[in-house]
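Just so you know, these numbers come straight off a predicted model, no measurement behind them.
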Amino acid sequence: MIEQVTTDRFIQDLERVAQVRSEISVCLSKLAEIINKAELAGDSSSGKLSLERDIEDITVASKNLRQGVFRLLVLGDMKRGKSTFLNALIGEKLLPSDVNPCTAVLTVLRYGPEKKVTIHFNDGKSPQQLDFQNFKYKYTIDPTEAKKIEQEKKQAFPDVDYAVVEYPLTLLEKGIEIVDSPGLNDTEARNELSLGYVNNCHAILFVMRASQPCTLGERRYLENYIKGRGLTVFFLVNAWDQVRESLIDPDDVEELKESEERLRQVFNANLAEYCTVEGQNIYDERVFELSSIQALRRRLKNPQADLEGTGFPKFMDSLNTFLTRERAIAELRQVRTLARLACNHTREAVARRLPLLDQDVNELKKRIDSVEPEFNKLTGIRDEFQKEIINTRDTQARTISESFRSYVLNLGNTFETDFLRYQPELNLFDFLSSGKREAFNTALQKAFEQYITDKSAAWTLTAEKDINAAFRELSRSAAQYGASYSQVTDQITEKLTGQNVKVNTTTTEDDNSPGWAKWAMGLLSLSNGNLAGFALAGAGFDWKNILLNYFTVIGVGGIITAVTGIFLGPIGFALLGLGVGFLQADQARKELVKTAKKELVKHLPQVAHEQSQVVYNAVKECFDSYEREVSKRISDDIVSRKSELDNLVKQKKTREINRESEFKRLKDLQENVIAQLQKIEAAYSNLLAFYS
């Protein structure tokens, strides 16, 4: 019962992670409550310590952790056995898989105490609840109808945002959420739709088929949307059992071995480059030969069935390792860092407050006035970093948009060679028929869309690397500015209290950076992402999402729209002018490419000018988003430090502060905060120890 052991371990590990998440979430919530109560009590004593930012951050982190799931995005073309795989994974025939339905609706499969489907609309209508049968009837279409809709450039369900399928399954209850994306196919609009999901999921499950090894469409998708983007992809080669069935003699062991080995070589040649992490080859941990139909049949008969020989035990084990050991620990490490920050900020504030309790108002004002130069230095550090971000933004936006402009203008130089592999089959007699001409024009437009998408994706990858390098440089600057900032805040503390206050007891060097610097260095992710209209927890700042939404989707679509409508007509007229006697197919193909190039080059300057502005805006928005958040966090920190002192002065002016009771209150606050941090540290360490 190897499979049952694997499945049980996966469920147990998911449950263990869920328990640790819940435990730490509760500690964070208590931490926020303790600090908030102390701040409220400060109004009737020595004043607030101005810890609003910490309360806000750990409250968000607690909520994200409480709602956190491992989100898996399933990608795959039609007729790859995607639904069969999902049914085998969850152990029930939940999704329709008998008639190869196709849908353009993003479907999220998550845990719910009752079986139900909720359709969420994008036009303001209230969500609609359906049973499974009606959902299948209303929102799935067969492949023939899907092709027709695609050719007419329509959306199957334009008013639908996404669907949520709730189901009481153990796997889902323990923290797995499955996002079933629209199937990959030959329209770039549909592929771009899937592109918006990839960065908001923990892992991609890319379903392929042994009998159709690495089709052109799959290779194009991987090249355009997956390659070089740092995504975690599990490649699931489905229907591996059919390799035997395709042999003349299914019982010939030697022939089966040779056939399987040839297939493995094909998949390895095409997928190996997507299975390298930091120079290490992890192909065996990312590519799996599955027999989903066999696994499903066994699990339907017996949920505890042994699935050895179906490929599922090895896949489940690898997925388990990645999710519960790698991703969960990385997530909790960030939360621990956040808790340490909140604890240190509280201890620092208490350490500054206690020596000032004995000062009269006039002496206190003098001390506060004495640190004004240091506060000006903090503002100066913020302004300098802000200036560096803006300079980087302007340089990158200008350089990358110019790179795009040059790239587009140069398309004509290699068009004749590049477009050869895209152009449709050309039969001149067919083309002279008006009925066939429309089909040819459609095929030509599809070919051009693929050509533009591939060329744009190649450029996009280069642009992403340049921007990534720029953000890495800003991260290094953030560390340097953060170190200078900490030196100044230490000086403020020393001048105010007459003491050298050091309260950071953590061991890692990066923990000495201020909170805003950690965020700017990419060490913390606190905000929510977005996927198809609904919030995701823990996505944080991701310039890739901003960038991809702008010039991979909008930009590529803009180029296609800008060019195809203009130049397809003239190409058709040019071909009609060739005459009936022009019969040589090779010459006709050359004439087609030559005419296409002529029309393309004619319009490229306008396209390059207009779309380079889109690219400029996209790059600018990436850095603007970063600058806004960094500047706000630094400003919040400066304001809170000033407010902390102003609050004390205000309270001393209006009331007599009982030093003994205030001393006890602040010490209790410090001890209670440390106690919650110790619980978080213990929970995190216990999880590490379990997996070590």
Side-chain angles (χ1 to χ4, degrees), residues 35-57 341-386 481-504 512-517 631-670 673:
I35 298 174
N36 189 52
K37 282 185 176 179
E39 290 290 78
L40 293 175
D43 283 335
S44 56
S45 52
S46 68
K48 293 182 177 180
L49 300 175
S50 295
L51 298 169
E52 291 86 354
R53 165 61 77 178
D54 292 285
I55 295 170
E56 179 183 342
D57 282 351
L341 275 173
C343 181
N344 285 339
H345 290 164
T346 304
R347 295 175 69 185
E348 288 169 359
V350 170
R352 284 190 297 270
R353 177 62 57 87
L354 290 177
L356 299 177
L357 291 176
D358 293 330
Q359 304 297 326
D360 62 35
V361 173
N362 292 330
E363 177 61 26
L364 186 56
K365 284 183 177 180
K366 283 182 183 179
R367 295 198 179 195
I368 293 174
D369 289 341
S370 74
V371 296
E372 190 61 31
E374 280 71 25
F375 275 110
N376 290 337
K377 287 181 183 178
L378 296 183
T379 304
I381 290 171
R382 179 200 63 196
D383 294 345
E384 284 297 313
F385 191 26
Q386 182 183 47
Y481 283 116
S484 299
Y485 192 93
S486 292
Q487 288 179 358
V488 176
T489 55
D490 286 347
Q491 291 169 8
I492 290 175
T493 299
E494 290 176 21
K495 289 181 76 170
L496 284 172
T497 65
Q499 302 173 11
N500 186 353
V501 180
K502 291 289 184 183
V503 297
N504 194 327
N512 293 317
S513 302
W516 64 261
S631 295
K632 184 177 186 303
R633 285 180 172 271
I634 300 176
S635 296
D636 286 350
D637 188 77
I638 295 171
V639 168
S640 69
R641 289 175 184 276
K642 287 185 175 181
S643 297
E644 171 196 332
L645 299 172
D646 293 341
N647 292 339
L648 177 58
V649 172
K650 180 181 175 182
Q651 294 299 94
K652 279 185 171 288
K653 284 181 177 179
T654 57
R655 60 168 41 86
E656 186 71 28
I657 298 172
N658 186 315
R659 187 190 182 285
E660 294 303 318
S661 62
E662 185 64 356
F663 185 89
K664 183 179 184 307
R665 184 183 75 85
L666 293 173
K667 282 294 187 181
D668 287 346
L669 166 63
Q670 184 170 275
V673 165

Trace of the side-chain contact (heavy atoms from CB on, under 4.5 Å) decision for Ile35 with Leu49: CA-CA 9 Å; Ile35 298 174; Leu49 300 175; over 6 Å; no
Any side-chain heavy-atom pair from [X] and [Y] closer than 4.5 angstrom?
{"X": "Ile492", "Y": "Leu378", "result": "yes"}
{"X": "Lys652", "Y": "Ile657", "result": "yes"}
{"X": "Glu348", "Y": "Thr493", "result": "no"}
{"X": "Ile368", "Y": "Leu648", "result": "no"}

Across all chains, not counting sequence neighbours, the side-chain contact (heavy atoms from CB on, under 4.5 Å) partners of Asp383 are Thr379, Gln386
Sorted by chain and residue number, the side-chain contact (heavy atoms from CB on, under 4.5 Å) partners of Asp369 (sequence neighbours excluded) come out as none
Examine distances only and state if a side-chain atom of [X] and a backbone atom of [Y] form a donor-acceptor pair shorter than 3.5 Å.
{"X": "Lys365", "Y": "Val649", "answer": "no"}
{"X": "Glu374", "Y": "Thr489", "answer": "no"}
{"X": "Gln651", "Y": "Ser45", "answer": "yes"}
{"X": "Asn647", "Y": "Ser643", "answer": "yes"}
{"X": "Gln670", "Y": "Thr346", "answer": "no"}
{"X": "Lys495", "Y": "Ser370", "answer": "yes"}

Value rounded to 0.5 Å, distance of [atom1] in [X] from [atom2] in [Y]:
{"X": "Leu356", "Y": "Arg367", "atom1": "CG", "atom2": "CZ", "answer": "6.5 Å"}
{"X": "Asp637", "Y": "Arg641", "atom1": "CG", "atom2": "CZ", "answer": "4.5 Å"}
{"X": "Glu494", "Y": "Asp490", "atom1": "CD", "atom2": "CG", "answer": "6.5 Å"}
{"X": "Asn376", "Y": "Ile638", "atom1": "CG", "atom2": "CD1", "answer": "9.5 Å"}
{"X": "Leu669", "Y": "Leu51", "atom1": "CG", "atom2": "CG", "answer": "7.5 Å"}
{"X": "Ser640", "Y": "Glu644", "atom1": "OG", "atom2": "CD", "answer": "7.5 Å"}

Please name the pair of heavy atoms, one in [X] and one in [Y], separated by the smallest distance, quoted to 0.1 Å.
{"X": "Leu341", "Y": "Ser513", "result": "CD2-O, 4.0 Å"}
{"X": "Asp57", "Y": "Arg633", "result": "OD2-NH1, 3.1 Å"}
{"X": "Asp43", "Y": "Arg655", "result": "O-NH1, 3.3 Å"}
{"X": "Ser46", "Y": "Leu357", "result": "CB-CD2, 3.8 Å"}
{"X": "Ala342", "Y": "Asp54", "result": "CA-OD1, 3.5 Å"}
{"X": "Pro514", "Y": "Gly482", "result": "CD-O, 3.4 Å"}

Applying salt bridge (charged side-chain N to carboxylate O under 4.0 Å, His left out), name anything that partners [X], two or more places apart in sequence or on another chain.
{"X": "Asp636", "value": "Arg53, Lys632"}
{"X": "Arg353", "value": "none"}
{"X": "Glu52", "value": "none"}
{"X": "Arg382", "value": "none"}

Lys667 vs Leu354, test: side-chain contact (heavy atoms from CB on, under 4.5 Å). Steps then yes/no. CA-CA 9 Å; Lys667 282 294 187 181; Leu354 290 177; 3.8 Å; yes
Going through the checks in order, is the side-chain contact (heavy atoms from CB on, under 4.5 Å) test met by Ile634 and Ile381? CA-CA 9 Å; Ile634 300 176; Ile381 290 171; 5.8 Å; no
Can you confirm whether more than 12 heavy atoms, excluding those of Lys664, are under 6.0 Å from its NZ atom?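 Counting neighbours around NZ of Lys664, 12 or fewer heavy atoms of other residues, nucleotides or ligands fall under 6.0 Å, so no.
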Parallel under 30°, tilted from 30 to 60°, perpendicular over 60°: which one fits the rings of Tyr485 and Trp516? perpendicular
